[in-house]
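First the proteins, then the strands, lettered A, B, ... as listed; each starts at 1.
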Number of protein chains: 2
Amino acid sequence: MFPLPQKECRETATCLRLASPQDMGHYCRGDVEGECSRRAELKLPELCGVGDPTAMFSSASSCLSSRGRVIKWFWDSVEEAYWTYHRDEYDEDKNPHGVVNLGTSENKLCFDLLSRRLTQSDMLRVEPPLLQYPDWRGHLFLREEVAKFLSDYCKSPAPLKAENVVVLNGCASVFSALATVLCEVGEAFLMPTPYYAAITQHIYLYGNVRLAYVYLDSEVTGQDTRPFQLTVEKLETALQGARSEGVKVKGLILISPQNPLGDIYSPGELQEFLGFAKRHSLHVIVDEIYMLSVFQESLEFRSVLSLERLPDPQRTHVLWGMSKDFGMSGLRFGTLYTENQDVATAVASLCRYHGLSGLVQYQVAQLLRDRDWINCVYLPENLARLKAAHTYVSEELRALGVPFLSRGAGFFIWVDLRKYLRKATFEEERLLWRRFLDNKVLLLFGKAFECKEPGWFRVVFSDRPQRLRLGEQPPVLDAEVTEDAPPWQPREPRDQGRWAAQCLVSSHCLPPGPSGSGAARRAGFAPRTSFLPVWVAAGDSLS
Amino acid sequence: MFPLPQKECRETATCLRLASPQDMGHYCRGDVEGECSRRAELKLPELCGVGDPTAMFSSASSCLSSRGRVIKWFWDSVEEAYWTYHRDEYDEDKNPHGVVNLGTSENKLCFDLLSRRLTQSDMLRVEPPLLQYPDWRGHLFLREEVAKFLSDYCKSPAPLKAENVVVLNGCASVFSALATVLCEVGEAFLMPTPYYAAITQHIYLYGNVRLAYVYLDSEVTGQDTRPFQLTVEKLETALQGARSEGVKVKGLILISPQNPLGDIYSPGELQEFLGFAKRHSLHVIVDEIYMLSVFQESLEFRSVLSLERLPDPQRTHVLWGMSKDFGMSGLRFGTLYTENQDVATAVASLCRYHGLSGLVQYQVAQLLRDRDWINCVYLPENLARLKAAHTYVSEELRALGVPFLSRGAGFFIWVDLRKYLRKATFEEERLLWRRFLDNKVLLLFGKAFECKEPGWFRVVFSDRPQRLRLGEQPPVLDAEVTEDAPPWQPREPRDQGRWAAQCLVSSHCLPPGPSGSGAARRAGFAPRTSFLPVWVAAGDSLS
């Protein structure tokens with residue numbers, strides 16, 4: 001949180017800062033006309049230096065500590081947005097004019113498969129040890145299954161060990177615990193941008209650890225072979241920049257497949273980044289939470305755990321969870337794999353605050369050991385559905401002349417709408433984002449990922465294919481939808497998906513731009529009645 | 001953590017400190033002969049002042065931060081103890097000479113009832129919203145049920161509101177989050193002792209908040225009407241003592257029913273303590289996690305939520321969970337009830353690190369709304385079993401001439417073994433504790449609760465009644481034990497309970513004392529082969 005001395009970040013490859021409350025505020029501040037007063041009170045002044053950021057909040061509230069006020073700020077900055085969205089959430093039957101959420105990175109394609117598997121009778125086992133205080137690292141039977149699972153799906157050269165596994169209630173918790181036990185207050189991790197920005201809060205709210213950004217750009221220059229390419233040179237520059245600011249960098253965070261880019265680091269790249277870290281005695285946190293969501297057959301994901309030899313195994317820590325690859329962000333399961341027993345033990349010592357139910361631990365173990373279901377049912381079907389949804393949206397974008405990056409992994413397409421900005425500013429980007437929202441399409445703009453270039457947007461496509469195809473075929477109700485289904489059970493939308501995709505370049509959505517809105521004009525979509533949808537939620541809920 | 005300038009704590013009603021690693025070390029350090037070297041490295045030097053405690057660890061390890069090393073220390077200090085106990089855990093069939101655990105405060109009396117209820121078909125519901133990112137305060141359907149449940153069982157004068165409820169994965173997390181959002185680093189809560197000492201870690205490990213002890217004693221003097229009585233005078237003295245040490249006290253923690261005393265504060269006492277807090281603008285955290293475990297019919301539990309008027313509702317925060325009253329510490333469910341929306345929101349903002357699975361949220365809501373089962377099946381049977389177990393152990397103690405305190409609430413009896421100490425020192429207390437362990441009975445000694453008088457022990461009686469009665473009746477196998485039960489399924493012990501109770505005063509367990517070992521001698525129990533059981537685990541696992 002809170003920038004270091006303000007420089008023009010775009011001038012250099014790095015800028016040290018946490019995604020600050022100001023940034024978070026961009027997502028929603030000012031969206032609700034006439035309701036700005038409360039938000040205005042929340043606005044943070046620009047902060048310089050590495051002093052005590054919480055001091056800025058000292059006079060704002062009487063009952064909370066200064067850090068409590070900062071923590072609350074993160075919630076408040078999106079609270080109204082959250083409720084506004086949820087009050088107007090799209091529902092085919094009940095709210096067909098509601099907001100379509102293409103912002104939250106959730107895989108909603110396989111509820112049918114998951115529901116069938118999770119309601120099988122083997123899932124409801126209740127044994128005394130599951131109801132008693134657990135080993136806080138996780139029940140041994142689960143850690144053994146996780147080790148086997150990661151050995152197989154990460155293709156480790158040797159079997160991974162249960163003793164190196166710690167299970168927690170989600171990867172957000174793994175980040176929080178790791179940051180706390182690896183860093184002193186105020187120290188930093190290097191983070192290539194654009195990146196999944198909720199990590200900012202994960203390492204700061206409890207741990208008081210921040211990020212030193214490694215700003216990447218879309219221009220392919222020098223030795224780059226692709227846009228937003230991370231190189232060791234850029235890491236070196238960022239590290240030196242941080243040190244020159246007086247900030248101690250303790251590690252590097254890598255996300256592969258990357259969010260929002262979808263990049264998969266090659267074994268050679270991984271070795272280079274890990275070698276860089278080893279040279280500087282940096283920890284590396286490798287977040288592989290999308291590792292099984294690589295749907296392009298030509299791509300091969302290589303886990304860092306598949307490398308024949310890790311340059312610095314004692315400082316290499318791998319994260320995985322079921323939120324993305326198994327489409328269950330509400331299950332709250334994340335895991336740390338590290339050969340460093342000091343780190344595993346220290347994280348375990350914090351696990352009494354990140355524990356998951358014994359009943360859930362049993363269910364997760366059952367799922368992970370059911371290789372028939374995973375290999376023959378879930379994974380092939382999930383990947384096929386991801387690919388179909390991705391193909392649909394990317395073809396629409398191509399037809400509409402909208403440039404985008406997409407590597408065939410993850411749930412999102414990184415869309416380049418720079419040409420629709422009147423000026424290359426983040427204010428313009430926010431205005432464009434709001435135009436989408438006014439037309440009931442929820443996206444995330446690039447600033448939310450600390451992208452250095454205004455005009456990039458992340459579009460999530462991993463919603464049910466029917467949502468994206470419904471212009472072409474009649475709606476089909478899920479088999480699971482029964483009379484006694486609770487009111488939250490969603491029905492299939494009819495025509496939302498096509499509209500949403502085409503709205504991307506609809507003249508009704510976009511401000512006047514140099515080009516690109518013709519296709520949508522030709523499509524003849526009428527503008528929707530104006531409403532004020534807003535950014536959906538903070539942190540995990542968003543990505 | 002880490003004492004303030006060392007004074008003779010017993011001289012005053014208060015001493016400011018966290019239960020330090022030194023204290024934690026008492027439980028196990030030196031227990032394993034010949035294996036002390038590793039432990040010795042962990043020994044903390046005595047620390048004085050309010051400086052940075054983590055600095056003491058700076059040179060100990062290369063990969064962890066200094067706070068990471070402190071966090072790890074808490075785990076290490078009991079790790080060997082934990083595994084030693086678990087390697088030798090009592091099992092009727094497989095390890096009939098193993099360690100009997102009368103140390104961990106878990107209610108193991110009603111697995112049969114819980115298992116039957118939790119395996120009913122209504123418990124396995126899988127709906128999309130349960131698998132998606134939740135409202136971090138908890139699903140609304142659950143918070144509504146919690147509000148109704150607390151309204152009824154706390155007998156609130158007006159219906160409690162779902163908006164004041166935040167659900168987390170256990171009360172340890174509630175303490176961690178509350179401490180962080182209410183206090184600055186280094187600030188303190190007043191805590192009457194003896195107390196459930198895991199709270200020390202809950203508020204320190206992430207929050208860096210500590211405790212200012214209000215030392216109570218067993219002598220009934222002045223206006224006291226019972227041993228270890230808390231009064232406003234003692235609170236005032238402790239508060240002034242803390243202030244004179246330069247420590248800022250931000251609140252007061254009350255546990256009712258109290259652990260380990262079993263005390264229930266009367267409405268008058270509650271009003272006095274809350275009035276004291278209001279006069280000094282202190283928050284009050286009221287931990288009512290044993291509120292439904294009051295098995296003595298003559299006792300009436302009065303929740304702070306039942307008071308007609310709270311002196312300072314914006315600073316009164318109530319905790320409850322299912323670990324104790326529903327015997328499911330492995331389910332990981334705790335809840336905060338506070339009218340202070342700033343506090344609720346700030347805690348919710350931390351809830352992405354304390355979330356519980358949507359599937360568990362659904363199960364908890366189903367349980368809480370099943371009033372027929374709660375009122376007609378579970379509660380009456382649970383209370384009857386608690387009472388029977390308590391009666392058995394307390395009658396044994398009476399017969400053996402061992403003084404004890406027990407109020408008819410909670411899972412434990414606070415036993416006075418002072419007369420068996422050769423000297424009134426904590427070293428002697430530890431030696432006595434070890435004698436029990438050498439004879440395979442696991443208890444917790446008073447120092448673990450920061451009791452100011454050496455010689456008190458907590459005995460947990462809420463294990464299956466068969467364990468305590470098996471000298472008198474043949475063993476009965478659970479109906480749930482089937483051929484395909486996993487290996488962890490415990491069987492009924494045959495004669496462990498009687499032995500364990502009588503071992504309390506067995507001459508083989510106790511060092512020479514002034515009296516009281518005659519009954520056990522008369523009982524003629526042979527000494528067991530010596531083994532080295534040790535303290536079972538840290539934190540939650542212990543109490």
Quick check: closest heavy atoms across B:Ile71 and A:Ala346, and the distance to 0.1 Å? CG2-O, 3.4 Å

State the CG-CG distance between B:Leu64 and A:Asn340, to the nearest 0.5 angstrom. 6.5 Å

Within the 4.5 Å heavy-atom criterion, are A:Met328 and B:Gln132 side-chain neighbours or not? no

Taking every non-hydrogen pair under 4.5 Å, which of B:Ser173, B:Ser281, B:Gly358, B:Cys183 racks up the most with chain A? B:Cys183

I'd like to know if the side chain of A:Gln314 reaches the main chain of B:Cys63, judged simply by a donor and an acceptor atom lying under 3.5 Å from each other, with no hydrogens or angles considered. no

Just do the side-chain contact (heavy atoms from CB on, under 4.5 Å) check on A:Trp75 and B:Arg137 with the steps written out, would you? CA-CA 11 Å; A:Trp75 181 282; B:Arg137 294 168 303 178; 3.8 Å; yes

Taking the side chain as every heavy atom from C-beta outward, state whether B:Glu127 and A:Phe111 have any pair of such atoms under 4.5 Å apart. no

Most contacts with chain B, counted as non-hydrogen pairs under 4.5 angstrom, among A:Gly330, A:Ser323, A:Ala177, A:Ser121: A:Gly330

Atom group of A:Val185 that falls short of 4.5 Å from chain B, counting heavy atoms: both

Under 3.5 Å, side chain of A:Asn169 to main-chain N/O of B:Gly355, donor-acceptor pair present? yes

Report the distance from atom CG of B:Asn208 to atom CG of A:Asn208, rounding to the nearest 0.5 Å. 9.0 Å

Any sub-3.5 Å donor-acceptor pair from A:Glu184's side-chain atoms to B:Ser66's backbone N or O? yes

Return the set of residues passing salt bridge (charged side-chain N to carboxylate O under 4.0 Å, His left out) with A:Lys108 (not counting sequence neighbours), or none when no residue passes. none

Heavy-atom contact with chain A under 4.5 Å, split by part of B:Val347: neither

Residues two or more places apart in sequence or in another chain: which of them pass side chain to side chain contact (heavy atoms under 4.5 Å, CB included) with B:Val126? A:Ser115, A:Leu118, A:Thr119, B:Leu131, B:Leu359

Side chains of A:Tyr206 and B:Ser176: donor-acceptor distance under 3.5 Å anywhere? yes

Look only at the side chain of B:His354 and the backbone of A:His354, and say whether a donor-acceptor pair between them is shorter than 3.5 Å. no

Compare all side-chain heavy atoms of A:Phe175 with those of B:Tyr353 and state whether any distance is below 4.5 angstrom. no

Counting N and O atoms only, with roles assigned by atom type, does the side chain of B:Arg67 sit under 3.5 Å from a partner on the main chain of A:Thr180, one being a donor and the other an acceptor? yes

Flag, side chain of B:Thr345 to backbone of A:Lys72, donor-acceptor distance under 3.5 Å: no

Check whether B:Ala344 gets within reach of chain A through its side chain, its backbone, both or neither, counting any heavy atom under 4.5 Å. neither

Examine whether an atom of B:Gln363 lies under 4.5 Å from a heavy atom of chain A, and if so say whether it belongs to the side chain, the backbone or both; otherwise answer neither. side chain

Within the side chain of A:Ser329, is there an N or O that forms a donor-acceptor pair under 3.5 Å with the backbone of B:Tyr133? yes

Within a strict 4.5 Å, meaning less than it, do heavy atoms of the B:Ser65 and A:Leu182 side chains meet? no

Residue pair A:Leu124 / B:Met123, side-chain heavy-atom distance below 4.5 Å: yes

Under the side-chain contact (heavy atoms from CB on, under 4.5 Å) rule, what do B:Ser357 and A:Leu356 come out as? Steps first, then yes or no, please. CA-CA 7 Å; B:Ser357 170; A:Leu356 60 164; over 6 Å; no

Using a cut-off of under 4.5 Å for heavy-atom pairs, which of B:Gly327, B:Gly334, B:Ala348 has the most such pairs with chain A? B:Ala348

